[in-house]
2 protein chains.
Amino acid sequence: MEKQTVTIYDVAREASVSMATVSRVVNGNPNVKPATRKKVLEVIDRLDYRPNAVARGLASKKTTTVGVIIPDVTNIYFSSLARGIDDVAMMYKYNIILTNSDENGGKEVQVLNTLMAKQVDGIIFMGNQVTDELREEFRRSKAPVVLAGSVDAQKTQPSVNIDYVAAVAEAVKSLIDHGNRKIAFVSGSMDQAINHDYRLKGYKKALKDAGISYDDKLVFETDYTYKAGQSLEPALAAAGATAAFVGDDELAAGVMNGLTDAGVSVPEDFEVITSNDTKLTELVRPKMSSITQPLYDIGAVAMRLLTKLMNNENVDENTVILPYGLMKRSSTK
Amino acid sequence: MEKQTVTIYDVAREASVSMATVSRVVNGNPNVKPATRKKVLEVIDRLDYRPNAVARGLASKKTTTVGVIIPDVTNIYFSSLARGIDDVAMMYKYNIILTNSDENGGKEVQVLNTLMAKQVDGIIFMGNQVTDELREEFRRSKAPVVLAGSVDAQKTQPSVNIDYVAAVAEAVKSLIDHGNRKIAFVSGSMDQAINHDYRLKGYKKALKDAGISYDDKLVFETDYTYKAGQSLEPALAAAGATAAFVGDDELAAGVMNGLTDAGVSVPEDFEVITSNDTKLTELVRPKMSSITQPLYDIGAVAMRLLTKLMNNENVDENTVILPYGLMKRSSTK
DNA sequence: CTTTGATGTGAAAGCGTTTTCAATCTTGCG
DNA sequence: CGCAAGATTGAAAACGCTTTCACATCAAAG
């Protein structure tokens with residue numbers, strides 16, 4: 001006893017009008033006489049008719065769904081963006097197909113292809129390593145692609161970010177202003193544009209402005225995990241660092257706790273400043289000072305931008321830069 | 001210059017075979033002569049043909065996408081499940097349409113309807129307040145619905161969980177064993193089945209087993225937020241509690257930090273045990289003791305169960321209970 | 001009472017696949 | 001060599017909706 005689906009045709013028959021008319025009332029097309037509309041609406045209600053979005057998608061070539069590629073939902077930084085994305089997507093009647101990529105190039109390409117096969121109307125990409133292959137896929141896509149909280153050195157795609165260079169420079173400067181000379185730069189893979197082309201650049205700029213020479217012994221390239229941060233203490237000590245700029249909150253929490261566990265007190269003996277201002281900064285003790293970013297908004301604005309692109313509205317600025325700030329909590333003096 | 005899409009028909013023409021044959025090779029149907037298959041494959045490659053999943057969905061009545069309703073991606077507990085869901089979904093070639101519900105009944109119903117309109121093949125629901133209306137929608141759905149990490153007192157839907165009653169009872173017992181008599185029960189809304197029908201039941205059981213009488217002054221119904229937990233200290237003190245069982249990790253972190261900030265030392269003066277064993281338990285200091293749950297697996301198993309349901313395979317047990325444990329860290333003696 | 005320019009409505013052609021069902025080939029065998 | 005049983009293929013009908021185009025209707029204008 002498979003449930004019988006009622007189609008637009010059934011409604012048309014019952015209301016003694018054509019499918020076209022039913023389609024019109026369903027889609028809010030104004031060219032329908034009120035009386036007719038009412039009649040159709042009643043039948044729709046009586047039959048509990050629900051339009052089939054797949055058929056609709058095939059006929060109209062619009063699916064009202066967008067693909068979202070995220071490194072890992074489990075990472076609060078990204079899930080915060082995702083939340084912003086989903087909220088405005090819903091606001092504009094879109095749905096989100098969400099897939100985790102682990103920032104794995106091969107997986108990203110594959111996912112991108114299945115998203116395109118599913119005829120998504122647009123794509124939001126998060127991940128900081130836009131390979132040539134990926135770029136090529138973006139280009140081939142008929143659906144617009146916007147990067148959220150993710151940079152591509154070649155700036156070929158629309159994107160929403162903050163000014164990482166300036167933000168990091170400012171954060172590092174604050175550390176310098178507190179008297180630190182040996183400041184560690186702790187972040188993820190240098191293959192990622194955000195680390196290599198932005199954060200590190202900001203770091204170097206701050207050093208240079210203060211007349212401190214750059215020393216790559218102070219640069220720590222690691223995983224974005226709590227554990228990785230936690231086990232960094234010996235290396236940090238060996239390098240003689242007295243402060244650290246960290247590129248991810250979870251990683252920073254690890255660094256800080258590792259330090260604390262080793263008897264180093266933060267911020268007295270060692271200052272830590274992190275990058276993403278997620279909830280985590282408030283959970284740990286001491287609370288972590290951080291660059292602040294409008295996480296939710298980055299996602300929201302990216303999605304909003306995407307809706308414009310999908311509608312072929314013309315947008316004045318393809319790469320939007322949102323404001324950042326610096327929040328002093330207790331992991332810095 | 002809109003990109004021209006190549007269809008199955010183009011491939012058929014170029015390969016001088018019928019659409020049916022192309023369809024067969026694309027779908028790996030074995031009834032195709034090897035030579036033909038090769039020829040078609042070559043054309044597909046040359047034309048860079050990519051099947052349109054929407055058309056496929058319409059024709060086959062299968063979309064290979066499942067809907068996932070999540071209270072909030074930003075909550076690590078749920079995003080951990082989501083990660084498990086997505087991974088096995090991908091393993092079985094499904095995609096996930098993810099939507100945040102904020103556990104808001106109205107939104108849930110609405111979302112459920114749009115998911116059904118999009119013809120998802122199945123649905124995974126997270127959220128602990130299955131209203132009658134929701135239950136009715138589930139019933140009406142032709143797509144199977146499984147609950148993940150979420151209970152419905154009426155047990156009408158397939159689900160994957162741990163034994164909350166036993167787990168909480170054990171957790172509370174451990175607190176009792178440490179000499180506590182006044183143990184607070186801190187959790188979310190009592191409207192949620194998981195709190196009212198499971199956790200509280202476990203809590204009462206433990207008390208009863210120990211001959212301690214139940215006192216509803218010790219039950220704190222609040223939001224699942226860090227802030228809510230943090231501001232609970234005065235109330236906890238007023239009630240004379242010396243320990244607390246908390247239903248959510250973020251909330252627990254708030255409780256603990258609130259206590260600490262008020263000069264109460266954990267675990268010496270006050271013990272805290274939490275429920276979800278997310279990353280957060282390790283981030284805070286002291287690290288939080290917790291009930292352990294196979295978060296990722298709950299999601300993964302739920303998705304696996306769903307695949308079976310979608311395939312009409314018959315499953316022996318509709319409600320699967322995964323093992324839990326107790327992890328002693330530093331927030332308990 | 002005719003003309004005219006909306007305004008409403010319906011017929012039918014897609015949209016790009018899958019899926020019968022029947023037709024056509026091939027084989028193995030006697 | 002002839003034939004039944006498979007093995008391969010193709011024709012065409014769905015799938016459920018949107019959209020174009022033409023036709024019918026109607027109120028206002030002349």
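What's counted below: heavy atoms across the whole structure, side chains too, no hydrogens, waters or symmetry copies. Proteins come first, then strands; the chains are lettered A, B, ... in the order of their sequence lines, and each starts at number 1. If you're wondering where the values come from, they're calculated on a predicted model, not measured in any experiment.
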Requested in this report: Round to the nearest Å and state the distance from B:Lys61 atom NZ to C:dT19 atom C1'.
Outcome: 12 Å

Requested in this report: Could you state the atom-to-atom distance from CG of B:Asp10 to P of C:dG16 in whole Å?
Outcome: 9 Å

Report summary line: Winner on side-chain proximity to A:Leu58, out of D:dT18, D:dT9, C:dC15, is C:dC15

Report summary line: Ranking B:Arg56 and A:Val32 by the position along DNA chain C of their nearest nucleotide, the one closer to 5' is A:Val32

Requested in this report: Report yes or no: does A:Asn29 contribute a side-chain atom to a donor-acceptor pair with the main-chain N or O of A:Asn31 at less than 3.5 Å?
Outcome: yes

**Report entry** Taking every non-hydrogen atom, the tightest pair across A:Leu295 and A:Leu81
**Finding:** O-CD2, 3.0 Å

Query raised in the report: Would you say A:Asp121's side chain and A:Thr64's backbone share a donor-acceptor pair under 3.5 angstrom?
Result: yes

Report task. Whole angstrom is fine here: how far is it from CZ in A:Arg37 over to C1' in C:dG8? Result -> 11 Å

**Report entry** Any B:Asn52 side-chain N or O less than 4.0 Å from OP1/OP2 of C:dC15
**Finding:** no

Query raised in the report: Want to settle it: does B:Ala59 or B:Ser16 sit nearer the 5' end of DNA chain D, counting the closest nucleotide to each?
Result: B:Ser16

Requested in this report: Identify whether any heavy atom of B:Arg50 sits under 4.0 Å from a base atom; if not, whether one sits that close to sugar-phosphate; answer base, sugar-phosphate or nothing.
Outcome: sugar-phosphate

Query - Proximity to the side chain of A:Val17 - top-ranked nucleotide from C:dG16, C:dG10, D:dC17 - result: C:dG10

Requested in this report: Give the nucleotide from the list C:dG14, D:dG10, C:dG16 with an atom nearest to the side chain of B:Ala20.
Outcome: D:dG10

Report task. Assess the pair B:Tyr224 and B:Tyr77: is the distance between their ring centroids shorter than 6.0 Å? Result -> no

Query - side-chain hydrogen bond (donor to acceptor under 3.5 Å, both in side chains) assessment of B:Lys142 paired with A:Thr5 - result: CA-CA 10 Å; B:Lys142 61 171 63 167; A:Thr5 65; 4.7 Å; no

**Report entry** Atom-to-atom span, CG of A:Asn29 to P of C:dG8 - whole angstrom
**Finding:** 10 Å

Query raised in the report: If you check the B:Ala55 side chain, which of C:dG10, D:dG10, C:dG16 turns out closest?
Result: C:dG16

Report summary line: Picking from C:dG16, D:dT8, D:dG10, the nucleotide nearest the side-chain atoms of B:Arg24 would be D:dG10

Requested in this report: Specify the separation, in whole Å, of atom NZ of B:Lys33 and atom P of C:dC25.
Outcome: 11 Å

Query - Closest listed nucleotide, where the reference is the side chain of A:Ile8 and the choices are D:dC17, C:dG8, D:dA11 - result: D:dC17

Report task. When you get a sec, tell me which of D:dT8, C:dT9, D:dT18 is the closest nucleotide to the side chain of A:Ser23? Result -> D:dT18

Query raised in the report: Just checking B:Thr7: base, sugar-phosphate only, or nothing, at a heavy-atom cut-off of under 4.0 Å?
Result: sugar-phosphate

Query raised in the report: Expressed in angstrom and rounded to an integer, what is the separation of B:Met19 atom CE from C:dC15 atom C1'?
Result: 11 Å

Query raised in the report: NA contact type, A:Asn31, heavy-atom cut-off 4.0 Å: base, sugar-phosphate, or nothing?
Result: base

